[in-house]
Amino acid sequence: MRYKITLSYDGTDFCGWQRQPSGNSIQDAVETAAEKLFGQKVSVVGSGRTDAGVHAVAQVAHFDADKVLPEKNIVGGLNAYLPRTVRVNRAETVADGFDARKSAKQKTYMYLMYVGEVLPILNDRAICLNKEPDILRMNTCAHELVGKHDFSTFMAAGGGAKTFTRTVFDAHFERDGRFIKFFITADGFLYNMVRIITAQLIKAGMGDDVNIAELLEKRDRSYAKELAPACGLYLYSVKYGTDEND
C-alpha cells in the first residue's frame with residue numbers, strides 16, 4: 001500500500017529533510033515514526049530536499065507499507081511518535097505510480113521577512129530588514145524571473161543538478177502589515193536557488209542596481225554571491241494535478 005502524507009515542520013533544529021549519518025533529519029524522524037506505527041522498516045520519499053534550517057508549511061512525501069490503516073489513524077499515529085516540531089496534517093492512499101518527487105508539477109516557496117526592530121520570537125523563522133524596502137521595485141525585478149530560463153547564476157555549488165533550465169510560473173511579493181512575503185512557484189528549483197534570488201531581490205529593494213535579466217544571461221554564480229539566510233525560507237505547497245488543493 002502506498003501512502004501520501006502532507007506535513008509541516010520547523011526546520012530549525014534539523015540538518016534538513018534528507019537522511020544524514022547523524023540521524024538528525026526530518027526524513028529520519030518520519031521514517032522512525034512510520035516504523036513504530038507500521039512495525040516494519042519504511043523508506044519515506046519527500047517532494048524535495050529542504051536544507052538545514054528551512055521550514056515547511058506543506059511538504060509532501062510518500063512511503064509503502066504492508067499494513068492497511070485508516071487515514072485518520074496514520075495522521076494520529078505518526079504524530080504520536082514525531083517530535084512536536086514535525087506534524088503530519090493529512091494522509092491518504094494513492095496509486096503505486098505516485099511519486100512525491102517525480103510526480104510533482106509545481107512547487108511554491110515562501111520567503112518571510114519583516115521590517116523594524118528585531119522580534120526575538122521570530123528568530124530562526126524570518127529575517128529582519130533594518131529599513132523599509134522598495135517593494136514595487138522588488139516586484140518589478142521578481143517578474144523578470146517568470147518564464148523558462150537557465151538559472152545557473154542562481155545555483156550554489158554542490159547540488160548535483162544535470163540541467164539548469166527551470167520554468168518559473170509566478171514570483172511576487174506581498175505586504176502583510178510589517179511582514180513581507182516573497183512567493184515563487186516553479187516546476188523545480190536548483191540548489192539554493194530561492195535563497196540566492198531572494199538575496200538579489202532584497203538588494204534591489206534596498207536601492208542597489210540589480211538587473212535580473214542580465215544576471216540570467218551571465219549564467220555565472222559569481223555575479224550573485226549573496227545567499228539569504230535559511231531561516232526565512234518555507235516550502236509552501238506542492239501541486240500534482242490541476243486541482244488547486246492537490
Side-chain angles (χ1 to χ4, degrees), residues 11 48-57 106-119 122-161 163-237:
R49 302 171 180 175
T50 53
D51 293 334
V54 175
H55 317 295
V57 174
Q106 295 183 12
K107 296 177 186 177
T108 298
Y109 277 90
M110 178 187 72
Y111 200 92
L112 184 63
M113 57 201 87
Y114 63 99
V115 181
E117 67 275 8
V118 175
L119 300 176
L122 294 176
N123 288 352
D124 301 319
R125 290 174 178 81
I127 66 167
C128 181
L129 304 180
N130 57 16
K131 69 175 183 178
E132 188 70 36
D134 184 340
I135 296 182
L136 179 60
R137 185 158 187 266
M138 293 164 81
N139 262 324
T140 299
C141 289
H143 292 161
E144 292 290 321
L145 296 162
V146 176
K148 188 175 183 179
H149 305 288
D150 183 319
F151 282 93
S152 301
T153 297
F154 303 101
M155 178 188 69
T163 62
F164 313 117
T165 299
R166 301 291 185 270
T167 300
V168 172
F169 302 105
D170 178 69
H172 72 278
F173 286 84
E174 294 180 6
R175 188 64 186 257
D176 183 6
R178 69 185 298 181
F179 290 94
I180 299 170
K181 303 172 184 177
F182 172 54
F183 293 93
I184 182 167
T185 301
D187 59 0
F189 294 91
L190 301 171
Y191 184 45
N192 282 163
M193 177 174 156
V194 181
R195 292 168 61 192
I196 298 169
I197 285 173
T198 301
Q200 292 301 311
L201 296 177
I202 291 173
K203 284 177 61 179
M206 294 300 178
D208 289 0
D209 183 16
V210 175
N211 187 320
I212 295 297
E214 188 175 281
L215 288 173
L216 287 167
E217 289 177 4
K218 294 291 186 183
R219 301 182 184 182
D220 185 341
R221 172 72 199 288
S222 66
Y223 290 91
K225 295 180 180 179
E226 294 83 3
L227 181 68
C231 64
L233 186 59
Y234 296 74
L235 176 56
Y236 193 76
S237 67

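Hydrogens, waters and symmetry mates are skipped; everything else that's a heavy atom, side chains included, is used.
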Visitor: Got H149 and E144 here, is their nearest side-chain heavy-atom distance under 4.5 Å?
Guide: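 With C-beta onward as the side chain, the pair stays apart.
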Visitor: I want to check something: taking the side chain as every heavy atom from C-beta on, are T50 and Y109 in contact at a cut-off of under 4.5 Å?
Guide: yes
Visitor: Quick check: closest heavy atoms across P229 and R195, and the distance to 0.1 Å?
Guide: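 Here P229 and R195 meet closest at C-NE, 3.8 Å.
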Visitor: How far does OG1 of T185 sit from CE of M110, to the nearest 0.5 angstrom?
Guide: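 It comes to 12.0 Å.
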Visitor: What heavy-atom pair brings V146 and A171 nearest, and what distance separates the two atoms?
Guide: CG2-N, 4.0 Å
Visitor: Show your working on side chain to side chain contact (heavy atoms under 4.5 Å, CB included) between H172 and D170 and close with a plain yes or no.
Guide: CA-CA 7 Å; H172 72 278; D170 178 69; 2.6 Å; yes
Visitor: Considering only heavy atoms from C-beta outward, does the side chain of V57 approach that of S237 to under 4.5 Å?
Guide: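 The answer is no, as the side chains (C-beta and beyond) never meet within the 4.5 Å cut-off.
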Visitor: Hey, what do you get for CD1 (I197) to CZ (F154), rounding to the nearest 0.5 Å?
Guide: 5.5 Å
Visitor: Are side-chain heavy atoms of L145 and M193 found at a separation under 4.5 Å?
Guide: no
Visitor: Hey, does I202 have a side-chain heavy atom less than 4.5 Å from the side chain of M113?
Guide: yes
Visitor: Could you tell me which non-hydrogen atom of S152 sits nearest to which non-hydrogen atom of L190, and how far apart they are?
Guide: N-CD1, 4.3 Å
Visitor: What are the two closest heavy atoms between P133 and I180, and how far apart are they?
Guide: CG-CD1, 3.5 Å
Visitor: Roughly how far, to the nearest 0.5 Å, is CG of D150 from OG1 of T163?
Guide: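 Output value for this atom pair is 9.0 Å.
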Visitor: With a 4.5 Å heavy-atom cut-off, do L201 and Y111 have their side chains touching?
Guide: no
Visitor: Can you check whether F173 and F182 have ring centres sitting under 6.0 Å from each other?
Guide: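 Yes, ring centres under 6.0 Å apart.
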Visitor: G116 and C128: which non-hydrogen atoms are nearest, and at how many Å?
Guide: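 What the structure gives for the nearest pair is O-SG, 3.0 Å.
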Visitor: Enter the distance from I196:CD1 to Y191:OH here, rounded to the nearest 0.5 Å.
Guide: 9.5 Å
Visitor: Parallel under 30°, tilted from 30 to 60°, perpendicular over 60°: which one fits the rings of Y234 and H55?
Guide: tilted
Visitor: With a sphere of 6.0 Å drawn around CZ of R49, does it hold more than 12 non-hydrogen atoms of other residues, nucleotides or ligands?
Guide: no
Visitor: How far does CG of D134 sit from OG1 of T140, to the nearest 0.5 angstrom?
Guide: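 OG1 of T140 is found 8.0 Å from CG of D134.
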Visitor: Would R178 and L119 count as a side chain to side chain contact (heavy atoms under 4.5 Å, CB included) here? Give the steps.
Guide: CA-CA 11 Å; R178 69 185 298 181; L119 300 176; 3.5 Å; yes
Visitor: How are the rings of Y236 and F183 set to each other: parallel, tilted or perpendicular (split at 30° and 60°)?
Guide: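 Ring orientation, 0 to 90° scale: perpendicular.
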Visitor: Taking all non-hydrogen atoms of both residues into account, name the closest pair between A230 and A52 and its distance.
Guide: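 Smallest interatomic distance, heavy atoms only, reads CB-O, 3.3 Å.
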Visitor: Look at the side chain of R137 and the backbone N and O of N139, then say whether any donor-acceptor pair between them is shorter than 3.5 Å.
Guide: no
Visitor: A side-chain contact here means heavy atoms from C-beta on lying under 4.5 Å apart; do L216 and F151 qualify?
Guide: yes
Visitor: Atom CD in Q200, atom CE in M138: separation rounded to 0.5 Å?
Guide: 11.5 Å
Visitor: Check whether T167 reaches the backbone of G147 with its side chain - one donor and one acceptor, N or O, closer than 3.5 Å.
Guide: no
Visitor: Does a side-chain heavy-atom distance below 4.5 Å link V210 with L215?
Guide: yes
